[in-house]
Every structure is written in C-alpha cells, then in structure tokens.
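Following: one structure in structure tokens, then a few remarks.
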Amino acid sequence: ELGHEAGPGKFIHDLAEIFREAHRVLRDDGTLFVNIGDSHVHWNRTLKLDRDKSPPEKSMFAIPWRLGIALQDDGWIVRQALIWAKSGGNCPRCHFRMEKGSAMPQPVRDRFVSAHEYVIFAVKKPKYYFDYVAVQQDGANRRDVLFLTATPFRHNANTENGEDQQKRHFAVMSENLAEVCIQAGTPEQTCGVCGAPWTRLVKARKESKAERLSRVKELSDVAPRHDGGALQQGIHIGTFEKETIGWKPSCECGGEVLPGIVLDPFSGTGTTGAVGLRLGRRYFGIDVDPEIKPVAEARLESELLARETAAPASWLTDEQGFCLPP
C-alpha cells in the first residue's frame with residue numbers, strides 16, 4: 001500500500017505516478033492541491049525502511065520538497081507551497097494567544113514541535129482558473145500561510161452484535177482546508193458543452209490615499225516613513241471586500257450551466273467530496289480501501305440530501321462517482 005515503501009524515493013515515485021494520471025485527466029486550466037506532511041526517520045518505529053535508501057536517523061524525510069521536484073520533472077508548474085498552520089502561537093509583543101490551533105502534541109525535547117503541513121499548489125498551463133475573490137479575508141488577498149484548525153470526523157460503525165458505535169477518524173482531511181482549495185481552484189459554474197469556467201463579475205472600490213492616511217493616524221504602533229507618513233503592515237489601498245454582481249461565461253458555446261468538478265484520488269471518508277457538494281460542485285472520489293466506501297457514500301449522500309437542489313444519484317455510482325480498483 002502507498003506509504004509502506006522501503007524508502008522515500010520509491011514513495012515519491014509512486015505518488016508521482018498517481019499525479020501523472022491526474023495530469024492526464026485534468027483540464028488545461030485546472031488546478032492541483034496536494035496536502036502533504038512530513039515525518040522523521042526512527043529506525044525503531046519504521047522497521048520496514050531500507051537504511052541504504054533512507055536519510056540518516058532523526059533526519060526529516062523532506063517528502064514535500066521531494067514531491068514538488070518530482071511534479072516539476074513531470075511537467076507540472078509548481079506555483080506555491082502553501083503552509084497549513086495548525087497552531088497560531090502567541091503574539092511576539094503582548095504574548096496574546098492568536099489562535100488555539102489543533103496541532104497534535106509531541107513529546108520532543110531536541111527540536112520544535114511540528115504544527116504545520118504543506119499544500120503544494122500546481123497547474124498544467126500558465127493560464128488557469130483561480131478565484132482569488134472567493135478566498136479573500138477582510139477584502140485582502142489571501143496569504144500563503146493558512147491558519148486553519150483540523151476537523152475530526154465521526155461515523156456510526158456496526159459492531160459484531162449489530163449495535164451502532166461511534167468511530168472517530170483523526171487522519172482525515174480538514175474541511176476548512178478543503179474549502180479553501182475548492183473555492184480557489186474549482187469554478188462554481190462551467191459550460192456544459194466545453195467545460196470552460198464562468199468568471200466572476202465583481203464591483204470594487206479603491207481607497208484613496210487620504211482615506212488610508214486617516215485610518216493609519218488612528219492606529220498605534222506604526223513604523224514611520226521617510227516621507228512623513230506612516231506604514232501599517234497589512235493595511236493597503238484597495239482592501240475593500242469585493243461585491244459579486246454576477247457571472248459570465250468564458251466561452252461562446254451557449255450550453256447549459258453545470259457545477260465545476262472536484263476530483264480526489266485519495267478520497268478516504270469523503271471529506272473533500274462532502275465539502276465540494278456543500279459548495280455546489282460535482283465530485284469524483286477514488287480510494288483503494290473498500291471498507292471505507294460505505295462510510296464515504298453515506299457521508300456524501302447526506303450532503304446531497306442537505307442541498308436545496310438534489311444532484312443526480314449517478315454521482316455516487318462505482319462507474320462515475322466512487323471508483324475502486326479491480
């Protein structure tokens with residue numbers, strides 16, 4: 001199974017092969033988001049590792065970096081390595097806890113506690129779909145450090161005596177993280193003929209220099225500027241929230257409007273699919289574990305029932321919705 005390779009090289013090779021197939025089916029203006037973490041070499045815990053094919057003891061495997069390079073070698077354009085920060089930490093000035101976070105505790109005394117994972121953002125072509133308005137915060141463009149908490153998932157599992165028991169999955173995709181990736185990279189509406197995304201029409205107002213200076217004067221702890229003004233980090237002209245006034249097609253087909261498609265080759269319990277359906281997208285999930293399929297199907301079905309307009313049931317069939325290998 002993926003993740004049980006004898007060394008990081010084979011693991012990256014297998015991952016790259018999977019994303020090579022994703023590259024094949026992805027639209028030229030599509031996007032790829034890969035949430036990937038890292039770990040350290042411990043010979044007493046990872047006995048299956050081949051020492052000749054692995055880094056030295058206590059070293060990082062450097063999986064996100066290796067994967068990014070492998071994707072580049074396969075022709076992907078690696079746009080960014082986003083940081084999913086699971087713990088916000090304390091303010092360096094007043095020590096106020098900015099965000100409680102949800103990083104797992106680690107009993108380590110010779111390094112910092114790991115509290116983040118990477119999200120590799122890659123595309124096929126220089127021109128691609130990206131909805132920056134959908135993920136803005138307080139009118140400002142989203143930064144590449146995402147302070148988002150994890151979201152555990154519980155489901156009912158039948159025991160041997162037929163009773164339902166709550167089972168909790170800790171290693172599920174964060175719904176908060178999935179939401180950001182889907183909103184940024186998957187269009188709400190597409191052309192039913194060619195699949196081209198509809199573009200968002202926004203109405204915005206720029207802030208004048210006088211308005212900005214007026215706001216800055218009311219703020220404390222700002223750095224002086226050589227021109228006599230003041231610079232407040234994070235406050236820029238034009239940070240007003242954009243108002244969406246409509247959508248327009250980017251093609252001239254005139255076909256019916258269909259939701260954009262989210263494909264997850266590591267579907268698991270269907271977290272990404274649940275968020276995608278909640279956001280009005282279509283979803284295709286792939287996973288190798290047949291035992292998790294009923295859990296994912298039930299979760300996706302509940303999301304479909306919760307939507308005002310039910311999606312076609314064929315989305316959840318083996319052939320079109322939840323693909324399992326032979």
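- Linking Ile, Leu, Val, Met, Phe, Trp and Tyr whenever their side-chain heavy atoms come within less than 4.5 Å puts Y132 and Y128 in one cluster.
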**Q.** Derivation and outcome, salt bridge (Lys or Arg N to Asp or Glu O under 4.0 Å), residues D50 and K10
**A.** CA-CA 11 Å; D50 186 338; K10 182 62 167 61; over 6 Å; no
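- Contact detail for P55 and S59: the closest heavy-atom pair is CB-OG, 3.7 Å.
- Between W65 and Y118, the ring planes lie perpendicular to each other; the angle is over 60°, past the 30° to 60° tilted range.
- Both L82 and I77 belong to a single network of hydrophobic side chains, linked directly or stepwise wherever heavy atoms of I, L, V, M, F, W or Y lie under 4.5 Å apart.
- Applying the side chain to side chain donor-acceptor pair (under 3.5 Å) test to K53 and every residue at least two apart in sequence or in another chain returns nothing.
- Using cut-offs of 30° and 60° on the angle between ring planes, the pair H42 and H40 is tilted.
- A chain of hydrophobic side-chain contacts below 4.5 Å, direct or via other Ile, Leu, Val, Met, Phe, Trp or Tyr residues, connects M173 to L146.
- Under a hydrophobic-cluster definition in which Ile, Leu, Val, Met, Phe, Trp and Tyr are linked whenever side-chain heavy atoms come within less than 4.5 Å, directly or via other members, Y129 and F284 are assigned to different clusters.
- A donor atom on one side chain and an acceptor atom on the other are not found under 3.5 Å apart for T151 and N176.
- The line from OG of S54 to CZ of F11 is 12.5 Å long, rounded to the nearest 0.5 Å.
- Electrostatic pairing of R20 and D74 counts as a salt bridge here, judged by a charged N lying under 4.0 Å from a carboxylate O.
- Residues I69 and F33 fall into different hydrophobic clusters, defined by Ile, Leu, Val, Met, Phe, Trp and Tyr side chains chained together at heavy-atom separations under 4.5 Å.
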Using atom types as modelled, flag every donor-acceptor pair under 3.5 Å from a side chain in residues 244-257 to any protein atom, sequence neighbours excluded.
{"residue": "T244", "atom": "OG1", "partner": "R200", "partner atom": "NH1", "Å": "2.6"}
{"residue": "S250", "atom": "OG", "partner": "P197", "partner atom": "O", "Å": "2.5"}

